[in-house]
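Computed over heavy atoms, backbone and side chain alike; hydrogens, waters and symmetry mates excluded. Being a predicted model, the structure only gives us computed values, none of them experimental.
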Amino acid sequence: MFKMNSNFIKGALFLSLGTLIACGGSEKPAEDTTTEAPKVETPAEPVVEPWVAPAESKDLKSPIASSKESIAKGAKHFATYCVSCHGESAMGDTPAGQAVKAANLVEKMPTQTNGEVFWKLTNGRNAMLKITTYGLTENDGWDLVNYLRDFTSKK
């Protein structure tokens with residue numbers, strides 16, 4: 001039979017070992033380089049930026065004096081156009097008001113001047129349409145301001 005030379009065996013083993021190394025046989029397994037996507041915290045509800053009237057609106061003065069007549073007109077406009085969202089309590093606690101994030105006027109009125117409130121009524125934002133959309137005049141807007149100031153001051 002065939003007699004194997006020890007040098008032949010050593011060479012075969014050496015070649016086999018070289019093949020294993022070249023093919024990755026003796027290398028460590030490749031590390032997993034995949035990463036999980038970062039977890040992003042999403043707020044439960046969208047963030048609503050504060051609605052700030054421009055500085056020049058702070059000094060707007062009403063041509064309509066606060067009187068029983070003006071307050072009564074403002075109350076009528078509020079009941080017709082505003083109560084569905086702000087509610088009879090003016091706290092924004094109706095289902096429609098919660099859906100559109102209507103302001104709690106009892107909290108907001110003391111922090112704003114009449115001019116700022118008037119500016120918001122005449123400019124609108126998001127679901128709160130400007131009063132002219134309903135055919136209300138600037139004087140009607142001042143009547144609303146007079147009503148809101150009177151109503152919320154009693155809360």
Side-chain angles (χ1 to χ4, degrees), residues 16-155:
S16 297
L17 182 62
T19 303
L20 283 173
I21 291 172
C23 295
S26 68
E27 292 180 10
K28 293 180 183 176
E31 291 183 28
D32 185 11
T33 58
T34 59
T35 57
E36 290 184 32
K39 291 184 172 132
V40 178
E41 294 290 325
T42 54
E45 297 181 21
V47 176
V48 178
E49 295 296 321
W51 189 14
V52 179
E56 62 270 13
S57 69
K58 288 182 180 192
D59 297 325
L60 290 174
K61 300 296 178 204
S62 174
I64 309 294
S66 183
S67 64
K68 287 183 180 182
E69 181 184 347
S70 173
I71 292 169
K73 287 179 184 178
K76 180 181 174 196
H77 297 317
F78 186 83
T80 303
Y81 303 107
C82 311
V83 78
S84 61
C85 290
H86 292 285
E88 290 187 27
S89 66
M91 296 173 69
D93 55 359
T94 67
Q98 290 174 349
V100 298
K101 304 206 179 332
N104 178 336
L105 300 175
V106 174
E107 290 179 357
K108 298 290 183 181
M109 287 298 293
T111 67
Q112 301 176 74
T113 67
N114 287 353
E116 290 171 302
V117 175
F118 177 78
W119 183 89
K120 290 178 178 184
L121 290 170
T122 57
N123 286 279
R125 178 177 117 167
N126 300 330
M128 195 196 114
L129 303 176
K130 53 188 169 182
I131 61 172
T132 56
T133 303
Y134 304 110
L136 297 178
T137 66
E138 285 191 7
N139 285 348
D140 295 329
W142 287 113
D143 289 332
L144 261 168
V145 170
N146 289 336
Y147 166 72
L148 289 170
R149 184 68 63 203
D150 180 70
F151 179 80
T152 60
S153 69
K154 296 175 182 173
K155 293 284 179 178

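In this structure, OH on Tyr134 lies 13.5 Å from NE2 on His77, to the nearest 0.5 angstrom. Rounding to the nearest 0.5 angstrom, the gap separating the CG atom in Leu121 from the OG1 atom in Thr132 is 10.5 Å. If you take OH on Tyr81 and CG on Asp140, they are separated by 8.0 Å, rounding to the nearest 0.5 Å.
Under the side-chain hydrogen bond (donor to acceptor under 3.5 Å, both in side chains) criterion, Thr80 pairs with no residue at all, not counting sequence neighbours. In this view, Glu138 satisfies the salt bridge (charged side-chain N to carboxylate O under 4.0 Å, His left out) rule with no residue, not counting sequence neighbours. With sequence neighbours excluded, no residue satisfies side-chain hydrogen bond (donor to acceptor under 3.5 Å, both in side chains) with Asn104. In this view, Ala79 satisfies the side-chain contact (heavy atoms from CB on, under 4.5 Å) rule with no residue, not counting sequence neighbours. A search for side-chain hydrogen bond (donor to acceptor under 3.5 Å, both in side chains) contacts involving Ser89 returns Asp93, not counting sequence neighbours. In this structure Thr111 satisfies the side-chain contact (heavy atoms from CB on, under 4.5 Å) test with no other residue, sequence neighbours excluded. For Lys108, there are no side-chain hydrogen bond (donor to acceptor under 3.5 Å, both in side chains) partners at least two apart in sequence or on another chain.
Listed by first and then second residue, the salt bridge (charged side-chain N to carboxylate O under 4.0 Å, His left out) pairs involving residues 61-71 are Glu69-Lys73 (not counting sequence neighbours). Applying the ring-ring contact (aromatic ring centres under 6.0 Å, His included) test to every pair with at least one member in residues 91-118, sequence neighbours left out, gives these pairs: Phe118-Trp142. Applying the ring-ring contact (aromatic ring centres under 6.0 Å, His included) test to every pair with at least one member in residues 85-109, sequence neighbours left out, gives no pairs at all. Screening residues 76-91 for salt bridge (charged side-chain N to carboxylate O under 4.0 Å, His left out) gives no qualifying pairs among residues at least two apart or on separate chains. Among residues at least two apart or in separate chains, side chain to side chain donor-acceptor pair (under 3.5 Å) pairs with a member in residues 144-155 are Ser70-Asn146, Asn114-Arg149, Asp150-Lys154.
A donor-acceptor distance shorter than 3.5 angstrom exists from the side chain of Thr94 to the backbone of Cys85, with no hydrogens or angles considered. Side chain of Thr113 to backbone of Glu116: a donor-acceptor contact under 3.5 angstrom is found. Lys120 places a side-chain N or O within 3.5 Å of a backbone atom of Trp51 that can act as its donor or acceptor partner.
You'll find the side chain of Met109 reaches within 4.5 Å of the side chain of Leu148, heavy atoms only.
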